[in-house]
S.K.: 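Quick one: this structure, given as structure tokens, is what I'll be asking you about.
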There are 2 protein chains.
Amino acid sequence: MSFDLQPTFRALADPTRRDILKLLSQDDLTIAEVAQQFDMTRGAVKKHLTILEEGQLITVTAKGRERVNQLNPDAIRPAFDWLSFFETFWDARLDALKAAIETSDSQNESPSND
Amino acid sequence: MSFDLQPTFRALADPTRRDILKLLSQDDLTIAEVAQQFDMTRGAVKKHLTILEEGQLITVTAKGRERVNQLNPDAIRPAFDWLSFFETFWDARLDALKAAIETSDSQNESPSND
DNA sequence: TAATTGTGATACCATTTGGTGTTATATTGA
DNA sequence: TCAATATAACACCAAATGGTATCACAATTA
């Protein structure tokens, strides 16, 4: 039963929502406070916050009549881990580069995927 | 001039496209070969490949009448780096957890890939 | 109590997205 | 040359997306 990455990646696939995450990394904010930072109606911001909540990237707590939105950084991990799979390939290239530099004249074969 | 993350995150925000990336991490494939792996027409797969190409996550090379699609792992880095900003917060929590427990006995490893 | 404020919910619109099917073009191979 | 193949390009459709405007309701405050 693997974790469903889709809601996470979906939530991350919008620049406004990524900006909101950065904002919330500094402060917990109400909907109105978030909306204040964007050239957009509260309704539009609320929609983004809902999608972020569905991706569990934020948690929302009722505080009187306000809703405080809080970053949930842990939810970013699965996406991060997924991407880190490809780190291998960066390393492979770096290793190849290192090897090429270090050997510099005796090594000639680099059987990479071509 | 900061790199535009949008085409990258957009390309990553679809499960089919993420699967294609995994596929291409093992082999360079033509459109038909990629399409063979999915319950979807070639046309639909081609659209996904175009979006992946727009995000520079793959490179396409003409080889006779075929188009060979190749993974470009470097293009994943910017997204990876963006997410790594939040690593700070995981570390903060982990440090707090470590401090709270103090008698560690580690358990981990559940590599969830989509 | 009444007025104000923060939010949820809904209806609505334009655009994008994911998908299909068809047709056209270029390359390969007999 | 001709047939088969791999793809591009296009029209088309249903659904999702990003946005607005508006109304209703609960909590605060005068």
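Here the structure is a predicted model, which means the values were calculated and not measured. Every chain is numbered from 1, with letters handed out A, B, ... down the list of sequences.
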S.K.: Nearest to the side chain of B:Asp14 - C:dG18, C:dG19, D:dT17?
M.R.: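 From the listed options, C:dG18 comes nearest.
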S.K.: With a 4.0 Å cut-off, would you call B:Glu87 and A:Arg77 a salt bridge?
M.R.: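 No, B:Glu87 and A:Arg77 are not salt-bridged.
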S.K.: How many whole angstroms separate atom CG of A:Asp39 from atom P of D:dG19?
M.R.: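 Interatomic distance, CG of A:Asp39 to P of D:dG19: 10 Å.
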S.K.: Can a side chain N or O of A:His48 be found less than 4.0 Å away from OP1 or OP2 on D:dT17?
M.R.: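 So the side chain of A:His48 is outside the cut-off, no N or O lying under 4.0 Å from OP1 or OP2 of D:dT17.
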S.K.: Separation of A:Met40 atom CE from D:dG19 atom P, in whole Å?
M.R.: 4 Å
S.K.: Picking from D:dG19, D:dT17, C:dG6, which would you name as closest to the side chain of A:Ala44?
M.R.: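 Between D:dG19, D:dT17, C:dG6, the one nearest the side chain of A:Ala44 would be D:dG19.
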S.K.: I want to confirm an ordering. Mapping A:Thr16 and B:Gly43 to their closest nucleotides on DNA chain D, which one lands closer to the 5' end?
M.R.: B:Gly43
S.K.: B:Thr50 and side-chain hydrogen bond (donor to acceptor under 3.5 Å, both in side chains): which single residue from B:Lys46, B:Glu54, B:Glu53 fits?
M.R.: B:Lys46
S.K.: Is it possible for you to say whether B:Val45 and B:Leu52 belong to one hydrophobic cluster, with membership spreading through side-chain heavy-atom contacts below 4.5 Å?
M.R.: yes
S.K.: From CD of A:Glu66 over to C1' of C:dG8, roughly how many Å is that when rounded to an integer?
M.R.: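 Taking atom C1' of C:dG8 as the reference, CD of A:Glu66 is at 15 Å.
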S.K.: Please determine whether a side-chain nitrogen or oxygen atom of B:Arg67 lies at a distance below 4.0 Å from atom OP1 or OP2 of D:dA6.
M.R.: no
S.K.: Look at the side-chain heavy atoms of Ile, Leu, Val, Met, Phe, Trp and Tyr, link any pair under 4.5 Å apart, and say whether B:Trp82 and A:Leu23 land in one connected group.
M.R.: yes
S.K.: Please list each protein N or O that sits under 3.5 Å from an N or O in nucleotides 28-30 of chain C, with the distance.
M.R.:
none

S.K.: Mind listing the closest non-hydrogen atom pair of A:Thr16 and A:Asp14 along with its distance?
M.R.: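 Shortest heavy-atom separation between A:Thr16 and A:Asp14 comes out as N-OD1, 2.9 Å.
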S.K.: Distance check, rounded to the nearest 0.5 Å: A:Asn69 atom CG versus A:Glu66 atom CD?
M.R.: 10.5 Å
S.K.: Can you check the B:Ile51 CD1 to D:dA16 C1' distance for me, whole Å?
M.R.: 14 Å
S.K.: Counting side-chain heavy atoms from C-beta on, which of D:dG18, D:dT20, D:dT17 comes nearest to A:Arg10?
M.R.: D:dT17
S.K.: Picking from C:dG18, D:dT20, C:dG8, which would you name as closest to the side chain of A:Thr41?
M.R.: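 Taking heavy atoms from C-beta onward, the closest nucleotide is D:dT20.
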S.K.: At a heavy-atom distance below 4.0 Å, what parts of residues 25-32 of chain A sit against DNA chain C?
M.R.: A:Thr30, A:Ile31, A:Ala32
S.K.: Between A:Ala79 and A:Leu5, which heavy-atom pair has the shortest distance, and what is it?
M.R.: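 Looking at all heavy atoms of both residues, the closest pair is N-CD2, 3.7 Å.
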S.K.: Taking for each residue the nucleotide of DNA chain C bearing the nearest heavy atom, is the 5' side occupied by A:Lys46 or by B:Val45?
M.R.: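 Closest to the 5' end, via its nearest nucleotide, is A:Lys46.
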S.K.: Which listed nucleotide (D:dT17, D:dG19, C:dG18) is nearest to the side chain of A:Lys47?
M.R.: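 Nearest to the side chain of A:Lys47 among the choices is D:dG19.
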S.K.: Side chain to side chain contact (heavy atoms under 4.5 Å, CB included) between B:Thr8 and B:Ile76: does it pass, once the steps are laid out?
M.R.: CA-CA 7 Å; B:Thr8 310; B:Ile76 296 178; 6.0 Å; no
S.K.: Report the C-alpha separation of B:Ile20 and B:Phe38 in whole Å, then their side-chain angles, then the decisive distance to 0.1 Å, and conclude whether the side chain to side chain contact (heavy atoms under 4.5 Å, CB included) test is met.
M.R.: CA-CA 9 Å; B:Ile20 291 176; B:Phe38 297 92; 3.7 Å; yes
